[in-house]
Amino acid sequence: MSDTRKPFPFDEFEPRWQSRWDSEKTFRTPNPGEEGFDASKPKYYVLDMFPYPSGAGLHVGHPEGYTATDIIGRYKRMKGFNVLHPMGYDSFGLPAEQYAIKTGQHPAVTTAANIENFRRQLKSLGFAYDWEREIATTDPEYVRWTQWIFLQLYSSYFCEETNKAKPVAELEAKGWSRDEIDNVRLAYVADTPVWWSPDLGTVLANEEVEEWKGKGHTVERRPLRQWMLRITKYAQRLIDELDTLDWPEGIKLLQKNWIGRSEGAEVIFAIGGKSVTVFTTRPDTLFGATYMVLAPEHPYVSEITTEDNKDAVEAYKKACSAKSDLDRTDLNKDKSGVFTGAYATNPVNGEEIPVWIADYVMMGYGTGAIMAVPAHDVRDFEFAQKYDLPVLQVVQPTDDSDWQGYTAPGTAINSGFLDGMPTKKAKGAIIHWLVENQKGERKIQFKLRDWLFSRQRYWGEPFPITWKDGKHYALPDSELPLLAPPLEDYKPSGTPDPLLSKARDWVELPDGVTRETNTMPQWAGSCWYYLRYCDNSNSERFISEAAEDYWTNEKPGMVDLYVGGTEHAVLHLLYARFWHKVLFDLGHVRTPEPFQKLVNQGLILGEDGQKMSKSRGNVVNPDDVVKEYGADSLRLYEMFMGPLEQVKPWQMKGVEGVSRFLARVWRLAITDEGNVSEKITDTQCTDKELLRVVHETIKKVGEDIEKLSFNTAISQMMICTNAFTQAGTVPRKEFTQFLTILNPFAPHIAEEIHRLIGGTELLSEMEWPAYDEQALVRTECELVVQVNGKLRDRIWISMTASEDEAKELAFASDKVKEHIDGKTIRKVIYVPGKIMNLVAN
RNA sequence: GGCGGCUUGGCGGAAUGGUAGACGCGCUCGACUCAAAAUCGAGUUCCAAAAGAGUGUGGGUUCGAGUCCCACAGCCGCUACCA
């Protein structure tokens, strides 16, 4: 398409409408007590996952979710809701800092430029955000409250009796010592092995390691002093309360698996004078333990290893620590291990079993030690085969499966007092025995680890913490926000010292007090941004009680609808739930969950069906699409591609298709010369069929929006447009109704046509039209006649025809006669208005 | 290996257990045009057509299955020795 011949002048009217909505604050959302607030309106909070403002700008994946929420938001407004639909920027993060290292440009400068570009792009798509509520996580006022919430975590502990967070002040009052309190804070300091990257100059979370390694950075394992958040205390609640949310089952399952609850037992084995505890989910197989394995990093390894085996064990440990940086996947194909020379005593039968170390046992899960039951665990079995260790059957399969490597439940054998018990009962019995004899206990184990919360970066929130004599202290609220000092040099020092430690003037305070120099991870800001939108200019509180009360729900989740990509299924969505629960426990918010309904938009692939990436050269830039076809076409296309949640490939031809549709709508009302078409009529519409299509469209589009089924809503609007075209005349009233329902999808063109044909009100401020049931009624319909389930004829018949009348007409059909001739009708199924099936033989 | 998702024309996709392929793209033909583009109209699952076949494969339930049940295969995503 050439620039000179556009099918409709979107390049002129789209920016014009955008600036009008902006200057008139059309989509401003009043809070209680503010001008324009109407207490009679119900509230609706629809939220997008805010973007990281990268230098590359928006990609086409962003407008997918954003258009979906925009349609919902505009629709709900027209339905009479007070809609909160905000936007902001997750603007801390490593790329801005990497850029600063390369160019010396302060991250604040590049971030501001990127935000400006994102804002321009978002505005060019005509989203109905309340721009006065815009936030960026890097804003000092925002940082202030992020730090404040951190201090809430710091000043709280998890009370096991009530299963809730409580202020540590309560413990102080009870006379707990400083050290005891430090041991239970929800934010605490620990020496822990972490992934540290010398060239990035920071530690990385487990889940970030692969990403940055892929970009060529090196990563190594090191024990370092770090801030941790005690999310593990919430593991059970984070699982249980998923049930109260309207989330896709797949995402719930992902979170459950990530938290990874396992029920089992801890069993104490004696090794010489020491005792080693193992965790097992199959305590019923204790009699079948033929050896024990410790993780190579297990603290007891050196002590128990005998002289003869020392060299081999040390060599193995060394090999493992070097290996830990390599891709484990490849190494794990083949199990390896070394005998320590020590023996452990099985508490249940006194058997002496050899103790090995092997890297298939992880220090980070359970106790870092296992009892190996090769007969009924595939990993132990594999290991036993390789090193020729005994395999003892203790479970009899319920079917004729081979007992070797049989892991399903069965019946206990060779297990003393457990013999004959089914697995489930045997588990209970052995745990009872372990407790009685003080050799172990029932144990619920989670995969979830405490959250490694500190980074050594520059571009993140500094911790509002000071140190004196080896103890940490909270900064008073009055000193928030604590902002990072400007630095000349952002280059990593090559040591694990945080970048901020270079700013000596900032770090060193009087009286031997120093500042904490770690910063928070990028997740911190996104953990609570949805709360700040409700009351973003409040300087007294992170959110006022009144705003929180108004925008919250009767339901457990505060936000009514949250739309974003699956990539955040576990991390962001789990972290935000955790923070919200702490704030809930402490009485700062009144719902236990942040997001009631969650929808994941599907990935948009390139035209080649592959993931979009620079290296493949299949990236579509939304700016280019807007320039060529306009914002409405981009919005409409992204919604027409297919179901929101589905993965789907981009097709530029498809954009052209929806653009043609909008052009047809335009031409219904506007002539080539730009005048109002003579087809627009002011008389009442007498065309029953046209009326029926219009009202069917109003009905279906409304229902489809509620279901987030935008592609079918658009196809119905296309049908309606075709009906207008065919009718030859366009009754103003019905056409205006059509424009009103088109408006949430393609707001610029809808408003412009409406204005041109003489509309004075903004469509965006009109009510969603009601459909007329009467107009939908059909008197006649096509009835499908089947013989033995096969379509044989269609007959026109009254909607209210009785079965006998229908049968009579059906039997009169030659095509039907042909197939029932000489046969007996055994059965007749009649679904009025749909189908008649004659069963004959 | 585990978990999840997907599988319907040439393509994107529609189908409360009731006419498979709505809507759109592409393609074919026609109109308009000196011509092209744009636009408008007709057609388009397969087979030359009648008959028939047809929603990844094989079974089952049902008067009737893309849809429900069982088994299997392929593709995509996430995760990874979780004891």
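Quick note on labels: first sequence line is chain A, next is B, and so on, each numbered from 1.
The salt bridge (Lys or Arg N to Asp or Glu O under 4.0 Å) search around A:Asp377 returns A:Arg379, not counting sequence neighbours. With sequence neighbours left out, A:Lys827 forms a side chain to side chain contact (heavy atoms under 4.5 Å, CB included) with A:Ile829, A:Val839. Residues satisfying the salt bridge (Lys or Arg N to Asp or Glu O under 4.0 Å) criterion with A:Lys447, sequence neighbours excluded, are absent altogether. Residues that satisfy the salt bridge (Lys or Arg N to Asp or Glu O under 4.0 Å) test with A:Lys252, not counting sequence neighbours, are A:Glu249. Residues satisfying the salt bridge (Lys or Arg N to Asp or Glu O under 4.0 Å) criterion with A:Glu689, sequence neighbours excluded, are A:Arg692. Qualifying side chain to side chain contact (heavy atoms under 4.5 Å, CB included) partners for A:Asp672, counting only residues two or more places apart in sequence or in other chains: none. The ring-ring contact (aromatic ring centres under 6.0 Å, His included) check on A:His568 picks up A:His572, with sequence neighbours excluded.
The main-chain N or O of A:Pro63 is found under 3.5 Å from a side-chain atom of A:Thr67 such that the two form a donor-acceptor pair. Without hydrogens or angle criteria, A:Arg635 side chain to A:Pro744 main chain gives a donor-acceptor distance under 3.5 Å. A donor-acceptor distance shorter than 3.5 angstrom exists from the side chain of A:Thr423 to the backbone of A:Gly410, with no hydrogens or angles considered.
Under 4.0 angstrom from either OP1 or OP2 of B:A38 there lies no side-chain N or O belonging to A:Arg667. Contact check, A:Arg664 against B:A38: no side-chain N or O comes under 4.0 Å of OP1 or OP2. For B:A83, the OP1/OP2 oxygens have a side-chain nitrogen or oxygen of A:Ser262 closer than 4.0 Å. Dashed line: the shortest gap from a side-chain N or O of A:Arg660 to OP1 or OP2 of B:A38 is not under 4.0 Å.
If you measure from atom CZ of A:Phe8 to atom P of B:A38, you get 16 Å, rounded to the nearest angstrom. What separates CG of A:Asp793 from C1' of B:G18 is a distance of 17 Å, to the nearest Å. Rounded to an integer number of Å, the gap from CZ of A:Phe661 to P of B:U39 is 15 Å. Taking atom CD of A:Glu656 as the reference point, atom P of B:C27 lies 11 Å away to the nearest angstrom. Per the geometry, NE2 belonging to A:His376 stands 15 Å off C1' belonging to B:A83, to the nearest Å. Per the geometry, CD belonging to A:Glu782 stands 15 Å off C1' belonging to B:A22, to the nearest Å. The nearest whole Å value for the distance from the CG atom in A:Leu286 to the P atom in B:A83 is 17 Å. Atom CZ in A:Phe383 sits roughly 18 Å away from atom P in B:A83 (whole-Å rounding).
Judged by distance alone, the side chains of A:Ser336 and A:Tyr360 never bring a donor and an acceptor atom under 3.5 Å apart. Side-chain N/O atoms of A:Thr712 and A:Ser715 include no donor and acceptor closer than 3.5 Å. Side chains of A:Asp704 and A:Ser709: a donor-acceptor N/O pair is absent below 3.5 angstrom, by distance only.
Across all strands, A:Gly654 comes closer than 4.0 Å to no nucleic acid atom at all (heavy-atom distances). Using a 4.0 Å heavy-atom distance criterion, A:Asn722 is classed as a sugar-phosphate-only contact.
Cation-pi contact between A:Lys335 and A:Phe383: absent, since separation from the ring centre below 6.0 Å together with deviation from the ring axis within 45° is not met.
When the P atom is used for both B:C23 and B:C68, the distance is 25 Å, rounded to whole Å. B:G26 and B:G13 have their C1' atoms separated by 14 Å, given to the nearest Å. Separating the P atom of B:A65 from that of B:A31 is a span of 46 Å, rounded to the nearest Å. When the C1' atom is compared between B:G56 and B:A50, the two are found 30 Å apart, to the nearest whole Å. B:C47 and B:A42 have their P atoms separated by 24 Å, with the value rounded to a whole Å. Rounded to a whole angstrom, the distance from the P atom of B:A51 to that of B:A38 is 38 Å. Comparing B:G64 with B:C11, their P atoms are spaced 31 Å from each other, to the whole Å. With C1' as the reference atom, B:U28 and B:G9 are 16 Å apart, rounded to whole Å.
Counting distance only, with no hydrogens placed and no angle test, the side-chain atoms of A:Lys335 and the base atoms of B:C81 include a donor-acceptor pair under 3.5 Å.
When distances are taken from the side chain of A:Tyr365 to each of B:A83, B:C23, B:G41, the shortest belongs to B:A83. Each of B:G26, B:U79, B:G18 was ranked by its minimum atom distance to the side chain of A:Ile835; first place goes to B:G18. Among B:A83, B:G18, B:G41, the nucleotide with an atom closest to any side-chain atom of A:Gln726 is B:G41. Of the candidate nucleotides B:C81, B:A83, B:G24, B:C81 has the atom lying nearest to any side-chain atom of A:Tyr360. When the nucleotides B:G24, B:U39, B:C81 are ranked by their closest atom to the side chain of A:Met718, B:G24 comes out on top.
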All N/O pairs under 3.5 Å across the protein-nucleotides 50-53 of chain B interface:
residue: B:A53; atom: OP2; partner: A:Lys790; partner atom: NZ; Å: 3.2

Kindly give the atom pairs (protein nitrogen or oxygen, nucleotide nitrogen or oxygen) under 3.5 Å for nucleotides 63-71 of chain B.
residue: B:C63; atom: O2'; partner: A:Asn837; partner atom: ND2; Å: 3.3
residue: B:C63; atom: O2; partner: A:Asn837; partner atom: ND2; Å: 2.7

Distances for protein N or O near nucleotides 12-17 of chain B N or O, under 3.5 Å:
residue: B:G12; atom: O4'; partner: A:Gln651; partner atom: NE2; Å: 3.4
residue: B:G12; atom: O2'; partner: A:Met641; partner atom: O; Å: 2.8
residue: B:G13; atom: OP1; partner: A:Gln646; partner atom: NE2; Å: 2.9
residue: B:G13; atom: O3'; partner: A:Asn711; partner atom: ND2; Å: 3.4
residue: B:A14; atom: OP1; partner: A:Asn711; partner atom: ND2; Å: 2.9
residue: B:A14; atom: O5'; partner: A:Asn711; partner atom: ND2; Å: 3.4
residue: B:U16; atom: O4; partner: A:Lys834; partner atom: NZ; Å: 3.4

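A:Leu634 contributes atom CG, which lies 10.5 Å from atom CD of A:Glu64 (distance to the nearest 0.5 angstrom).
Salt bridge absent: A:Asp821 and A:Lys817 never bring a charged side-chain N and a carboxylate O closer than 4.0 Å.
Each of A:Ala369 and A:Ile714 lies near RNA chain B, and the nucleotide nearest A:Ile714 is the one positioned closer to the 5' end. Between A:Leu253 and A:Gly657, the residue whose closest nucleotide on RNA chain B is further toward the 5' end is A:Leu253.
For B:G41, the base adopts the anti conformation, since its glycosidic angle falls more than 90 degrees from zero.
For residues 697-728 of chain A, every residue pair satisfying the ring-ring contact (aromatic ring centres under 6.0 Å, His included) rule, not counting sequence neighbours, is listed here: A:Phe724-A:Phe735, A:Phe724-A:Phe738.
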Pairing string, 5' to 3', for RNA chain B - Watson-Crick or wobble contacts under 3.5 Å, brackets [ ] where pairs cross, | to another strand: (((((((..(((.....[....)))((((((.......))))))((.....))..(((((..]....))))))))))))....
